[in-house]
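Throughout, protein chains are lettered first and strands after them, A, B, ... in sequence-line order, and every chain is numbered starting at 1.
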2 protein chains.
Amino acid sequence: MNPARRIRDEIAASIQSGEWRPGDRVPTEQELAARYGCARATVSKALGELAASGLVERRRKAGTFVAHPPVHSAVMTVPDLAELIAARGEAYRWDLASIAAEDSGEALCPGPALRIEGVHMAAGEAFALERRVIALGEVPAAAEADFAKEAPGTWLLGHIPWTQARHVIRALTPTRREAALLGIGTGAACLELDRTTWRAGRVVTHVRQLFRGDRFDLVAEFNAGP
Amino acid sequence: MNPARRIRDEIAASIQSGEWRPGDRVPTEQELAARYGCARATVSKALGELAASGLVERRRKAGTFVAHPPVHSAVMTVPDLAELIAARGEAYRWDLASIAAEDSGEALCPGPALRIEGVHMAAGEAFALERRVIALGEVPAAAEADFAKEAPGTWLLGHIPWTQARHVIRALTPTRREAALLGIGTGAACLELDRTTWRAGRVVTHVRQLFRGDRFDLVAEFNAGP
DNA sequence: TGCGCCATTATGTCTAGACATAATATGAGG
DNA sequence: CCTCATATTATGTCTAGACATAATGGCGCA
């Protein structure tokens, strides 16, 4: 086993088992180098990785300490709906309802925008409503895309690399019109996912998806360490 | 500026701006070392950090490549309710409804468990219902804690370091009893958060929180790069 | 007592070189 | 033309040492 990996994993185990508690001091790089019989740079790399993963905190002169766990954070995976539904073994279909060019994308983006509405279908039934705005200034190619054939989310995934995003998730009851489109009663709860996507500080797209509460749930996981 | 940091940031900028597209080949360590006038180890560190953050992918012999963006992942912060409500400027209170020891924590954990129910209050009104099971085998100290005074989530934060967790989020309509406790109608949508927490592979606690849909939403962010 | 400066010290970063490892590309042989 | 062994090559890891940096604790001075 690599010395660096071994040091990293042994220290991570000591922390996760609770043997070393938050705030505890981790031995200095020199001590660890002597204990494991390796160079200090090797220990430094191992501790650097632990610090990057948030398990320890390093302060010059003070030393390395077991970090205090984050309040609660978790990595949520928001799948592409086409993939999600296919993975369930159901037939996926995107039904475009309307598409229109606008001069200004509802104050989200300054320039011209494309406004798209449609329904994601799973096994012939409505799965989620989607309302999307695409900033044409950031994605000129979107003007040429055929959003009747391919869902805009799927198309964007293949055309816009490396963006930042912010998601807001909430529960609400649908309007009469939304309930009709989803094929549910107005009293049924829905999960709303609001996502704004940036690239280089400028909004690329904004999407609101409304899911049937009985058909969809989000999963988020948190695993400390490397 | 550090050479390592400079290399890292310049490459990250090239990727995020879209100049280098997913799948593109990044110059070899030797080329970069020559270009930036530093040792290969320095370049290696920079590329290693980019790989750790998911921006590039490295394959032996093949080289370093711009990674394909993840489908959609985001870091969700699940705040401690006491903190969340205090941050809103509202008075927080925890109302314990019932607490009972069980022989087996509803098949989640094999040993004895503590079952707790209560309500998180904000500004005098119900904010969220909580039903929790704590594995006494993993957290013996919980038997001594006063959960009438302090919410179990808050108590656990201070007593159980470094765990793994899995969250499931969904929208639903409350039962009559739940609606009454939350002070809302049975037709109002609620956000349900189901969290199971492990430590060293064993379940520590399981909690179900039911939020008023009109009072709470979750936020998740995704920022690529270091 | 209290304030501010300074030596100490642990981490942060870097170098130049070495060897390990794994995957690709190449060439030999069938 | 296909297959398998081999040489090449880019990354992976490590070393021993050097200097940088910043925070802490203590010392000296007011």
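- We find that Arg6(A) and Glu10(A) are joined by a salt bridge, their nearest charged nitrogen and carboxylate oxygen being less than 4.0 Å apart.
- Under the side-chain hydrogen bond (donor to acceptor under 3.5 Å, both in side chains) criterion, Asp24(B) pairs with no residue at all, not counting sequence neighbours.
- Dashed line: the shortest gap from a side-chain N or O of Arg5(A) to OP1 or OP2 of dG12(D) is not under 4.0 Å.
- Taking atom CZ of residue Arg8(A) and atom C1' of nucleotide dC14(D), one finds them 15 Å apart after rounding to whole Å.
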For residues 60-68 of chain A, run the donor-acceptor check on the side chains, cut-off 3.5 Å, and write out each pair with its distance to 0.1 Å, sequence neighbours left out.
{"from": "Thr64(A)", "atom 1": "OG1", "to": "Arg58(A)", "atom 2": "NE", "distance (Å)": "3.3"}

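- Rounded to a whole Å, the CD atom of Glu57(A) is 16 Å from the C1' atom of dG12(C).
- Using a 4.0 Å cut-off between a side-chain N of Lys or Arg and a carboxylate O of Asp or Glu, Arg208(A) and Glu192(A) qualify as a salt bridge.
- Between the C1' atom of dG12(C) and the CD atom of Glu49(A) lies a distance of 16 Å, rounded to the nearest Å.
- Applying the salt bridge (charged side-chain N to carboxylate O under 4.0 Å, His left out) test to every pair with at least one member in residues 38-47 of chain A, sequence neighbours left out, gives these pairs: Glu29(A)-Arg40(A).
- Rounded to whole angstrom, the span from the CZ atom of Arg58(B) across to the P atom of dT21(C) amounts to 18 Å.
- Atom CG in Leu47(A) sits roughly 13 Å away from atom P in dT13(C) (whole-Å rounding).
- The neighbour count for Glu221(A) CD, taken as heavy atoms of other residues, nucleotides or ligands under 6.0 Å away, is above 12.
- For the segment residues 31-44 of chain A, the set of residues with a heavy atom within less than 4.0 Å of an atom of DNA chain C comprises Arg40(A), Ser44(A), in numerical order.
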With the sugar-phosphate defined as primed atoms, P, OP1 and OP2, and the base as all remaining atoms, what B/S/- string results for nucleotides 5-10 of chain C, 5' to 3', for protein heavy atoms under 4.0 Å?
----BB

Enumerate donor-acceptor pairs with a distance under 3.5 Å from any side-chain N or O in residues 133-144 of chain A to protein atoms, sequence neighbours excluded.
{"from": "Glu138(A)", "atom 1": "OE2", "to": "Arg202(A)", "atom 2": "NE", "distance (Å)": "2.6"}

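- In this structure, Glu117(A) does not pair ionically with Arg131(A), as no charged nitrogen and carboxylate oxygen lie closer than 4.0 Å.
- Ile7(A) has its CD1 atom 13 Å from the C1' atom of dT15(D), to the nearest Å.
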